[in-house]
Amino acid sequence: MAKVVAYTGNMAAAEAMRQIDPEVCAAYPITPSTEIMQIFAQFVADGQVSTELVPVESEHSAMSACVGAAAAGGRVMTATSSQGLALMWEILYIAASLRQPVVMAVANRALSGPLNIHGDHSDTMGARDSGWIQLYSENAQEAYDNLIQAVRIGEHPRVRLPVMVCYDGFIISHSIERMELLEDEEVKGFIGEHHSLYPLLDVDNPMTHGPVDLQNYYTEHKRQQVEAMKHAGHVILEVGAEYGRLAGRPYGLFEKYRLEDAELGVAVLSSAAGTTKEVVDELRLRGVKAGALKLRVFRPFPAAELAKALSGLKAVAVLDRADSFGAMGGPVFIEVRSALLGLPKPPLCINYIYGLGGRDLLMVDIERVYDRLAEVAKTGKVEPLHDYLTVRT
Amino acid sequence: MAVTKEAPKKAPSLKDLSYKQDLFAGGHRLCAGCGIPPIVRQTLLASDYPVVVVTATGCLEVGTSIFPYTSWRVPWIHCAFENAASTASGIESMYRALKKKGKIDQEIRFIAFGGDGGTYDIGIQALSGALERGHRFLYICYNNEGYMNTGIQRSSATPLGADTTTSPVGEVIPGKREFRKNLTAIVAAHDIPYVAQSATIPARIMDLVTKVRKALDADGPSFINVLSSCDRGWRHDPADTIKITQLAVDTCYWPLYEVENGKWKLNYKPKEKKPVIEWLATQGRFKHLLKPENADIVRRLQEKIDRDWEFLLKRCAE
């Protein structure tokens, strides 16, 4: 029986971690993810988990300890935000290339400077090429569900990659919502036993991890990571369907919202997807053929599936909560537009940057996006391609 | 399964060690005359327990792990430059977690190797953190007094006056302008069970082996700082590595001592304390110091060595 609770995103993440009960957890405090580790440290202090908590002296050491612990042979988790993720940067790539399925909760927060503690996606979008699987969550429920699935996805023998589960800092991490929890035994059964590959602690079969890898092999090892990401796409779907049978909440690569007969669509991820769906409902009442697509999986990017889902639209706006300075648009836009351009008759595609440093995104702001889309569809003019939705002029 | 800790075995003789399997294979790409291989070989031979080794980015790592070859007959991992200590702390934590769950019953020891760049400089935070957290592991710094892997740059272990590629001798600046950092004392200030300075020298042939064994038996973190000649960076004949290392100890430039549970102990007192100029004269990196106009640098070096030596004798109640 599902237990209904009122949890913040951070409480949900900590609860998922308690139920997963990883062998090692190494973490360092940073707003707004700090609370996850506070709650989890209490679980450790109260003997509710068997985890060895390693309260490291920096996020760089947090990720380094995670890599060491995972290579030693066992389940490993951590959590961070913003600058913490930035300090982990170097080791994110190493975790992925050593194929260690570390699972990390990220309460998204803007990167400095200037200093800002609130939610945007500049932290994890910057890490999109690190080789980690990235799952984005709309709310506390999804953060919880994604964390549990992340264990299965990352540890799958055809994947063996680290996974970050992202949710918006403060907007989700600190807001209380109604959500449902699985029973401890259900989570335990779903994630199953951990199987290590070539663990360091198998001293009778010594293995060398992380050697220097030069021109004659490096390319093949990078290519293997690409293959693993491809497999991850299938595994994410399998795991999402199985989780649906267990929890009653199936997960795919993205969520289509009223897209079947839609002409104008917005593609967006995380908490803003909820607001967008509300706007779609309002516009539908007014006879506007509006729809939305909420991306869940950003890495691996589901290009073909996404293009197919958006292929019937006249115009699409991609909302980005991070910019890529000097690029053609935000990171999500660049991917979505590239995916659409493979279609025989691609919908027109524009980009809006919104919500930087935690700035609110209101329903009226999103309505303006649909108004613009109607104009784009009518005139065929996409300029300006890349614009700011909520900014002083 | 219940685990009983084995009592420390009798210290092996040099002859005993010669019968043990060498866990560090030949064929590695470290330079002829490099001081690192004897340190690693002796460390691995010294342990009575199976070990897991972490190595920081540096000469030792790139010289021993060129894919698809490896010199390591023990489980080994390289993660990055500055994080050998934090990577080791993760491995040791997983070991404790699995032992607690009864999934592992072997006694295993953990050793991290880093050069002075990876230890004195970029890795000091990770090292300090791991020591404070009390992970049971041994950190060995092979200290060749500079960033030799990247082409002989100065580190905070480089001595005053040394000529390196980033503290070059020029028309107006005569080499490195700062004294080296006393990392062994900094580590000792963490109040961990075992800290030592060592060198692979003929006058105390079992110094490192003895210290590694003590360190691995310590119930907590341990650290050994081992002077390691780099004939490319120090600029001397590769055949002179051991001789020059011995001279570093005999001039009291590199004293051999240990700090066991807070108690300082001198391990080797030269019969005759030689002047530092004798040590400087063996290496090309100090060549300019022999000129009359640089006599003041030699004087400052000698004064510092004398002062540090006197202080060490007091600390060791000698």
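Just so you know, these numbers come straight off a predicted model, no measurement behind them. The sequence lines fix the lettering, A, B, ..., with proteins before strands; numbering per chain opens at 1.
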query = Looking at A:L53, A:V67, A:V56, which one has more heavy-atom pairs under 4.5 Å with chain B than the rest?
reply = A:V56
message = As an exercise: rank A:L98, A:I91, A:L214 by heavy-atom pairs under 4.5 Å with chain B and give me the winner.
response = A:I91
query = Do A:M207 and B:I77 pass the side chain to side chain contact (heavy atoms under 4.5 Å, CB included) test, and can you show the C-alpha distance, the side-chain angles, and the key distance before you say yes or no?
reply = CA-CA 8 Å; A:M207 294 296 293; B:I77 185 168; over 6 Å; no
query = Measuring heavy-atom distances to chain A, does B:V52 have an atom under 4.5 Å in its side chain, in its backbone, in both, or in neither?
reply = side chain
message = Report which part of B:I66 has an atom under 4.5 Å of a heavy atom belonging to chain A: side chain, backbone, both, or neither.
response = both
query = Taking all atoms of both residues into account, what is the closest heavy-atom pair of A:V203 and B:P75, and its distance?
reply = CA-CG, 3.8 Å
request  = Look at A:V54, A:L200, A:V24 and state which one has the largest set of heavy-atom pairs under 4.5 Å with chain B.
outcome  = A:L200
task = Using a cut-off of under 4.5 Å on heavy-atom pairs, state which of A:A62, A:C66, A:A72 scores highest against chain B.
result = A:A72
Please tabulate, one pair per line, the N or O donor-acceptor pairs under 3.5 Å between chain A and chain B.
unit_1, atom_1, unit_2, atom_2, d
A:E23, OE2, B:K101, NZ, 2.7
A:S50, O, B:K100, NZ, 2.9
A:S50, OG, B:K101, NZ, 3.4
A:E52, OE1, B:R96, NH1, 2.6
A:E52, OE2, B:K100, NZ, 3.0
A:E57, OE1, B:R133, NH1, 2.9
A:S58, OG, B:Q125, NE2, 3.3
A:H60, NE2, B:E82, OE2, 3.0
A:S61, OG, B:S86, OG, 3.4
A:S64, OG, B:N83, ND2, 2.8
A:M207, O, B:W76, N, 3.0
A:T208, OG1, B:T70, OG1, 2.6
A:H209, N, B:W76, O, 2.8
A:H209, O, B:H78, N, 3.0
A:G210, O, B:H78, ND1, 2.8
A:V212, N, B:S65, O, 3.3
A:V212, N, B:S65, OG, 3.2
A:V212, O, B:F67, N, 2.9

task = Heavy atoms only: give me the nearest B:C79-A:I94 pair and the separation to one decimal.
result = O-CD1, 3.1 Å
message = Let me confirm one number: the CD1-CG distance from B:I104 to A:L201, rounded to the nearest 0.5 Å.
response = 4.5 Å
ask   = Top residue by heavy-atom pair count (under 4.5 Å) with chain B, among A:G74, A:G210, A:A26, A:A95?
value = A:G210
remark   = Turns out that what part of A:P199 lies under 4.5 Å from chain B's heavy atoms comes down to neither
